[in-house]
Amino acid sequence: MTTNGTTTMNPPSEAVREHTGDSLFQRVQSTMERAAEVTGLSPAVRKILARPACEVSVTFPVRMDDGRVEMYTGYRVQHNNALGPFKGGIRYHPGVSIDEVRALAAWMTVKCALVDIPFGGAKGGVQFDPSNLSVPEIERLTRRFVYALGNNIGPDYDVPAPDVGTDARTMAWIVDTYAATLPPQDRHRALAVVTGKPVSAGGSVGREKATGQGVVDLIGLWARDEGLNLTDLTYTVQGFGKVGSWAARILKSLGATLLAVEDATGAVRAAGGLDADALAEHVRRTGGVAGFAGAQAIGHSEFFGIAADVFIPAALEDQVTAETASLLNVRLVAEGANGPTSPEGDAVLRERGIEVLPDILCNAGGVIVSYFEWVQNRGGAAWDAAEIDRRLHGILAKAYQRVKAVGQSKGVDWRTAAYAVALSRLEQVYVERGIFP
Ligand code: NAD
């Protein structure tokens, strides 16, 4: 199907999936299958969730600063909308592929179901390195991508948000471009087409820090159950972007000690601890953690081997592999990133008795506060920071208790238990609504 220069592709066929072998999307399927066995999920719901509902691929031209025209390909995968409008971030990264976006979209479906907010799952991305383009080039690329997506996104249909390589400014460009495609009398509706906007442009207070705040809330719940005090807690962080830096800054405010950080530019440690606020300012100025004054540069293996209570992966997928999992010297892996642990890494962590707060629970703070932003936009409301934090913590604490209870009653790990809770929620809606016709 082609509309607005948009190609809507068929969901991946069995044949395609066979060829992709151990693809990221297949991995999500395997985790779902494991949890489906635990809950006795119906075969119909298993089949529905095994394929994305819709996949959009667009190719569009962008004029570069020197006058050249370059072609870019962008994706939007809409995995499932049984619980509400499709919801999920947009990623700008050289590693973006249709398989990765497909997996990220499926994770959004289970994440929203797990924390019980009325959204489905989607994800988008464009394969390019934002550090190689000027800001005006990224703006033109964003606007052209949104124009190419056309009515495949919308406040009641599919609501994007920031992810790796995109931020509040990107979301403001999306609102402005989307609004320009609507008739004048409908443009006020455009605000709710994305979440994660700047507060001055219709965003919600607390959204920027929300994912990091959620990671910290979950670590706090786990620490309380373990009898650990956050003021005595030591931790390391991989990825010092929106998620990692906010988690670190909030943990600092609670008295915990940041021992080391790794990002795309390298890894640093400091015996007495790193100042997360000063490091965030250094990253803002220089683009990465390398060269942070007073810190010692270390290698990848040394970073993974540092003894701490908690490791927070907050960069990309597949960082905790069998190799790096065997180096880890921590009690808990709190997954800020989506899919940071490979199945082999997971197995090593299980063998070694290292607990994992899984991504779909641990980083759900972002989509929960996105939901609050969407509700505020549609209702013309403005909640204050305390209200946002209170509601966020309430939802996360409920999800944490539900997952913990299922884990204990079924004798399964946190990840399987979290998927089991999510799948049961999705099954409930299919049972109640039935399958058309
Ligand atoms: P970001 O672009 O703000 O930051 C990404 C960080 O990862 C940067 O510090 C970058 O240097 C680092 N990084 C990239 N490649 C690396 C590598 N090879 N080794 C080490 N570090 C590397 O992105 P973000 O929004 O903070 O997202 C990080 C993760 O959290 C992603 O998995 C994303 O899907 C997930 N997530 C984000 C949100 C959100 O609200 N932004 C919500 C839920 C989940």
Side-chain angles (χ1 to χ4, degrees), residues 24 87-96 100-101 103-108 110-112 114-115 121-125 129-131 138 160-171 194-197 203-204 206-215 218 236-249 260-268 276 279-280 282-284 286-290 292 298-300 303-304 311-321 324 334-341 357-371 373 392 396:
L24 204 57
K87 185 85 189 84
I90 290 182
R91 178 174 291 196
Y92 289 170
H93 190 271
V96 164
E100 182 189 60
V101 178
L104 289 162
W107 275 319
M108 288 306 296
V110 277
K111 192 180 302 181
C112 294
L114 167 63
V115 295
K123 206 81 179 193
D129 187 346
S131 64
I138 297 173
D163 191 73
V164 174
T166 56
D167 57 15
R169 181 172 57 180
T170 325
M171 299 304 115
V194 286
T195 57
K197 300 176 288 290
S204 174
R207 174 60 185 90
E208 198 194 328
K209 67 162 187 156
T211 310
Q213 178 71 58
V215 171
L218 266 306
T236 59
V237 180
Q238 188 200 40
F240 214 68
K242 296 180 289 298
V243 178
S245 70
W246 273 110
R249 291 166 70 182
V261 175
E262 180 183 65
D263 75 359
T265 64
V268 291
L279 185 56
H282 172 81
V283 171
R284 196 192 58 76
T286 68
V289 301
F292 182 51
I298 54 172
H300 188 60
F303 169 76
F304 267 89
F311 169 54
I312 305 173
L316 296 170
E317 303 91 10
D318 279 340
Q319 298 302 307
V320 183
T321 58
T324 52
E335 294 185 338
N338 285 307
T341 308
L357 286 175
D359 46 9
I360 59 166
L361 174 65
C362 199
N363 70 30
V367 74
I368 294 170
V369 178
S370 274
Y371 167 56
E373 180 176 331
L392 171 64
L396 285 174

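Just so you know, these numbers use all the heavy atoms, side chains as well, and skip hydrogens, waters and symmetry mates. It should be emphasised that the depicted structure is a prediction, and the values quoted were computed from it without experimental measurement. Remember, it's 1-based here, ligands and their atoms both numbered in the order they're listed.
Of the heavy atoms in Ala210, none comes closer than 4.0 Å to ligand 1. Neither the backbone nor the side chain of Glu317 comes within 4.0 Å of ligand 1, counting heavy atoms alone. Of the heavy atoms in Asp163, both backbone and side-chain atoms come closer than 4.0 Å to ligand 1.
By the side chain to side chain donor-acceptor pair (under 3.5 Å) test, Glu373 is found to be paired with Lys197, residues two or more places apart in sequence or in another chain being considered. Residues forming a side chain to side chain donor-acceptor pair (under 3.5 Å) with Thr211 (at least two apart in sequence, or on another chain): none.
Of the N and O atoms on the side chains of Gln319 and Thr324, not one donor lies less than 3.5 Å from an acceptor on the other residue. With 3.5 Å as the limit, one finds no donor-acceptor pair spanning the side chains of Thr166 and Asp163.
The protein heavy-atom contact nearest to atom 27 (O) of ligand 1 is Val164 CG2, 3.6 Å. Of the protein's non-hydrogen atoms, Val243 N, 2.9 Å is the one closest to atom 26 (O) of ligand 1. In terms of protein heavy-atom proximity, atom 42 (C) of ligand 1 is nearest to Thr211 OG1, 3.3 Å. What sits closest to atom 22 (C) of ligand 1 on the protein, heavy atoms only, is Ala264 N, 3.5 Å. The protein heavy-atom contact nearest to atom 35 (C) of ligand 1 is Asn338 ND2, 3.6 Å. From the protein, the heavy atom lying nearest to atom 29 (C) of ligand 1 is Ala315 O, 3.1 Å. In terms of protein heavy-atom proximity, atom 15 (N) of ligand 1 is closest to Leu316 CD1, 3.5 Å. When hydrogens are left out, the protein atom nearest atom 1 (P) of ligand 1 is Lys242 NZ, 3.5 Å; that is the closest non-hydrogen contact.
The shortest distance between side-chain heavy atoms of Pro162 and Arg207 falls below 4.5 Å. Considering only heavy atoms from C-beta on, Pro340 comes within 4.5 Å of Asp359 through its side chain. Residues Ile312 and Gln238 form no side-chain contact, since every pair of their non-hydrogen atoms from C-beta on lies 4.5 Å or further apart. Inter-residue side-chain proximity for Val96 and Val101 is flagged as met; some heavy-atom pair is nearer than 4.5 Å.
Checked by atom type and distance alone, the side chain of Asn363 pairs as donor or acceptor with a backbone atom of Gly336 at under 3.5 Å. Not one N or O on the side chain of Lys123 forms a donor-acceptor pair closer than 3.5 Å with the backbone of Ala103. A distance-only check finds a donor-acceptor pair linking the side chain of Thr265 to the backbone of Val289 [under 3.5 Å].
Shown in contact with Arg91 at under 4.0 Å from a heavy atom are these atoms of ligand 1, numbered in order with element: 31 (C), 32 (O), 33 (C), 34 (O). Residue Ala337 approaches ligand 1 through these ligand atoms, each under 4.0 Å from one of its heavy atoms: 29 (C), 30 (O), 32 (O), 35 (C). Near Gly165, the atoms of ligand 1 lying under 4.0 angstrom from a non-hydrogen atom of the residue are 2 (O). Short contacts between ligand 1 and Gly239, defined as distances under 4.0 Å to a heavy atom of the residue, involve ligand atoms 6 (C), 7 (O), 9 (O), 12 (C).
Of the listed residues (Trp246, Phe240, Tyr92, Phe303), the one carrying the non-hydrogen atom nearest atom 9 (O) of ligand 1 is Phe240.
Going from atom CG of Asn338 over to atom NZ of Lys111 covers 4.0 Å, rounded to the nearest 0.5 Å.
Ligand 1 lies less than 4.0 angstrom from a heavy atom belonging to Arg207. Using 4.0 Å as the threshold, Gly336 has a heavy atom nearer than that to some atom of ligand 1.
Not a single N or O atom of Leu104, backbone or side chain, sits closer than 3.5 Å to an N or O atom of ligand 1.
The protein does not reach atom 18 (N) of ligand 1 closely, with no heavy atom under 4.0 angstrom from it.
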